[in-house]
**Student:** 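Have a look at this one before I ask anything.
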Protein chains: 2
Amino acid sequence: MKENILYTSVAPLLEYFNRLIPLSSEEKQLVAELFKPRLYRKRQYVLQEGDVCSSFNFVVRGCLRMYKIDDKGNTHIIQFATENWWLMDIGSFHGKEPSELNIDAIEDTMVLHISYNDLINLYTKGPKFNLIFRVLIENSFVSLQKRLLQNISSTAEERYLSFMQDYSHLNNRLPQVQIASFIGITPEFLSRLRNKLVKPKS
Amino acid sequence: MKENILYTSVAPLLEYFNRLIPLSSEEKQLVAELFKPRLYRKRQYVLQEGDVCSSFNFVVRGCLRMYKIDDKGNTHIIQFATENWWLMDIGSFHGKEPSELNIDAIEDTMVLHISYNDLINLYTKGPKFNLIFRVLIENSFVSLQKRLLQNISSTAEERYLSFMQDYSHLNNRLPQVQIASFIGITPEFLSRLRNKLVKPKS
DNA sequence: AACTGCATCAAGAAATAGTATTGATCTGGT
DNA sequence: ACCAGATCAATACTATTTCTTGATGCAGTT
């Protein structure tokens, strides 16, 4: 019975950084040292409600989701993260306080993660990473804001169509349940919506 | 979409302790404070080879397995833990050294766990727990020894029959692969064994 | 040399779990 | 009274996991 082996390449992350701003070889070295690979299998938790989020996660391949479970037990997906995206609960990470959110894997997923201390370390030894992470967070912020706006101002149908625009690559990769939970409707209703959109007149 | 909620009751653990030796309400309080609930999903690692085993785990519901992967990539299950059993790599825990063993969940599993420091804390504040944990470890030791004996002295068929005696409740709860790996044969051979035992003459 | 107790590999079959669709019925807001 | 959407239950479909079977091999007995 064979099990998965962790193949430890930071190449995708280096490339990601390099596209934002070129790195010196010392900086590359730093990244290679401080980021650790980690494999999560489908359905595995990366972060569980009540735990402190102790790392920044960069998805190398696979797909994660971050979500909140409300009092009624319903799941609300805040964010997906596929290849070359970051996912963590920044609030919990910086405040070192228990998270209200969960992160788990929707597919078998490989991440590169860096712990709190090592991130501080990274900033100290490579000040350029302050810039990089600022930009990176700003990007996330922008798309979050867009999503919020989308959400408060639209009907389910509009939200679905806008999801299809912004995340069309996720459409045939994710189960509908997840998409429904992302745009805030029931899977049944999404099924009907889709149906209606395909054959618009009956 | 309903998901599992971490229902944070230490009741099963208190009951477990109480059956060994009655606890005062301060001691119950200690337990409630120091043991933390944790949910592991099927196939999720609790402990990975190379990591230090940093907690004692009490299974509230579900099932864990502890196993070693040998040089050829074969899995050997050392122990199962279902409701009201403990599982950890004691060697790694006390020596604070990297474990050679893996622990993962065979079913979605809820455990109550206590960290190294909190366990020391528990012993200090509630000396009675020294007794409790001594007894508990002794119990584990005895069943381990029995298992070893069983193993070195029997054929596959005998080992299977003895498994059925001692763990009959696990028989229709676990996949055969796991049982095979526990008694040290291939799943194929276990299949044939079972067949032979059902229809003894043909 | 043949037999017994097991392993390995490959292929299907069977069982289970996860996902999607559909109908019926309900609700709160316009 | 109507619309956007929820909830519940039943069924269908799909994918994944688990089990079985046959063929073959091999190391120790007898």
Side-chain angles (χ1 to χ4, degrees), chain A residues 1-4 41-44 62-63 65 70-77 104-108 151-163 170-200 202, chain B residues 1-4 41-44 62-63 65 70-77 104-109 151-163 170-202:
Chain A
M1 188 192 309
K2 309 273 169 59
E3 302 251 338
N4 262 316
R41 295 203 278 216
K42 199 175 172 177
R43 291 181 35 84
Q44 258 189 250
C63 183
R65 86 223 241 245
D70 68 21
D71 330 325
K72 289 187 200 136
N74 290 67
T75 298
H76 305 277
I77 296 179
D104 66 14
I106 290 185
E107 305 169 357
D108 289 356
N151 229 282
I152 56 179
S153 66
S154 315
T155 66
E157 180 168 342
E158 287 166 337
R159 271 176 281 146
Y160 174 62
L161 289 171
S162 127
F163 169 85
L170 290 185
N171 181 46
N172 37 18
R173 181 166 173 182
L174 299 179
Q176 292 192 186
V177 207
Q178 310 295 352
I179 296 175
S181 161
F182 183 74
I183 62 182
I185 59 178
T186 58
E188 293 96 328
F189 193 64
L190 177 53
S191 173
R192 289 180 235 266
L193 254 184
R194 279 183 154 172
N195 239 312
K196 192 184 115 200
L197 291 171
V198 174
K199 25 182 162 117
S202 74
Chain B
M1 185 199 311
K2 307 273 169 59
E3 300 249 339
N4 263 315
R41 298 219 267 227
K42 201 173 170 176
R43 304 183 62 233
Q44 194 172 342
C63 183
R65 84 223 242 244
D70 70 18
D71 330 325
K72 288 186 202 136
N74 289 69
T75 298
H76 305 278
I77 297 180
D104 67 13
I106 290 184
E107 306 169 357
D108 288 356
T109 300
N151 230 282
I152 56 180
S153 66
S154 317
T155 67
E157 180 169 342
E158 288 165 337
R159 272 175 280 145
Y160 174 63
L161 290 170
S162 129
F163 170 85
L170 290 184
N171 181 47
N172 37 18
R173 180 166 173 181
L174 298 180
Q176 291 192 186
V177 208
Q178 310 295 351
I179 296 175
S181 161
F182 183 74
I183 63 184
I185 59 178
T186 58
E188 292 96 328
F189 192 63
L190 177 53
S191 173
R192 290 180 234 264
L193 252 184
R194 278 182 155 173
N195 239 312
K196 192 186 116 201
L197 291 171
V198 173
K199 25 183 164 116
K201 283 260 65 138
S202 78

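Heavy-atom basis, side chains included; hydrogens, waters and symmetry copies ignored. Residue numbers begin at 1 in each chain, while the letters A, B, ... track the order of the sequences.
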**Student:** With a 4.0 Å limit, can you tell me whether B:Thr186 has a side-chain N or O closer than that to the phosphate oxygens OP1/OP2 of C:dA7?
**Tutor:**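 So the side-chain polar atoms of B:Thr186 do come within 4.0 Å of the phosphate oxygens OP1 or OP2 of C:dA7, strictly under.
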**Student:** In whole angstrom, give the distance that lies between atom CG of A:Asp70 and atom C1' of D:dA6.
**Tutor:** 14 Å
**Student:** Rounded to whole Å, how long is the line connecting atom CZ of A:Arg194 with atom C1' of C:dA20?
**Tutor:**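 About 10 Å, once rounded to whole Å.
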**Student:** Please report, rounded to the nearest Å, how far the P atom of C:dG18 is from the CD atom of A:Gln178.
**Tutor:**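 Going from CD in A:Gln178 over to P in C:dG18 covers 12 Å.
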**Student:** In whole angstrom, what separates A:Leu174's CG from C:dG18's P?
**Tutor:**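 The answer, rounded to whole Å, is 17 Å.
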**Student:** Might you point out which heavy atoms bring A:Arg65 and A:Ile106 nearest each other, and give the distance in Å?
**Tutor:**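 So the minimum-distance heavy-atom pair works out to CD-CG1, 3.3 Å.
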**Student:** Checking B:Glu188 now: which residues fulfil salt bridge (Lys or Arg N to Asp or Glu O under 4.0 Å) with it, not counting sequence neighbours?
**Tutor:** none
**Student:** Reckon A:Asn195 has a side-chain N or O less than 4.0 Å from the OP1 or OP2 of C:dT21?
**Tutor:**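 False: A:Asn195 side-chain N/O out of range (4.0 Å or more) of C:dT21 OP1/OP2.
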**Student:** Residues in salt bridge (Lys or Arg N to Asp or Glu O under 4.0 Å) with A:Glu107, at least two apart?
**Tutor:** A:Arg173
**Student:** Examine D:dT20: is either OP1 or OP2 under 4.0 Å from a nitrogen or oxygen in the side chain of B:Gln176? Give yes or no.
**Tutor:** yes
**Student:** Can you measure B:Arg173 atom CZ to D:dT18 atom C1' for me and round it to whole angstrom units?
**Tutor:** 18 Å
**Student:** Looking only at side-chain atoms of A:Phe189, point me to the closest of D:dA6, C:dT8, C:dT19.
**Tutor:** D:dA6
**Student:** What integer distance in Å separates B:Leu193:CG from C:dA7:P?
**Tutor:** 9 Å
**Student:** Between A:Arg43 and B:Asp108, does at least one N-O distance fall below 4.0 Å, as a salt bridge requires?
**Tutor:** yes
**Student:** Taking the nucleotide of DNA chain C with the nearest heavy atom to each, does A:Ser191 or A:Arg43 sit closer to the 5' end?
**Tutor:**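 Result: A:Arg43.
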**Student:** Under the rule for salt bridge (Lys or Arg N to Asp or Glu O under 4.0 Å), what residues qualify as partners of A:Glu157, not counting sequence neighbours?
**Tutor:** A:Lys196
**Student:** Atom pairs, N/O to N/O, protein against nucleotides 9-17 of chain C, distance under 3.5 Å?
**Tutor:**
residue, atom, partner, partner atom, Å
C:dC9, N4, B:Glu188, OE2, 3.4

**Student:** Just to verify, what does B:Asn172 make a side chain to side chain contact (heavy atoms under 4.5 Å, CB included) with, not counting sequence neighbours?
**Tutor:**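 Applying side chain to side chain contact (heavy atoms under 4.5 Å, CB included) to B:Asn172 gives none.
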**Student:** Rounding to an integer number of Å, can you tell me how far A:Ile185 CD1 sits from C:dT21 P?
**Tutor:**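 The distance from CD1 of A:Ile185 to P of C:dT21 comes to 12 Å, rounded to the nearest Å.
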**Student:** Can you name the residues that form a ring-ring contact (aromatic ring centres under 6.0 Å, His included) with B:Phe163, not counting sequence neighbours?
**Tutor:**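 Here the qualifying residues are B:Tyr167, B:Phe182.
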**Student:** Within this structure, what is the CD1-to-P distance between A:Ile179 and C:dG18, rounded to whole angstrom?
**Tutor:** 19 Å
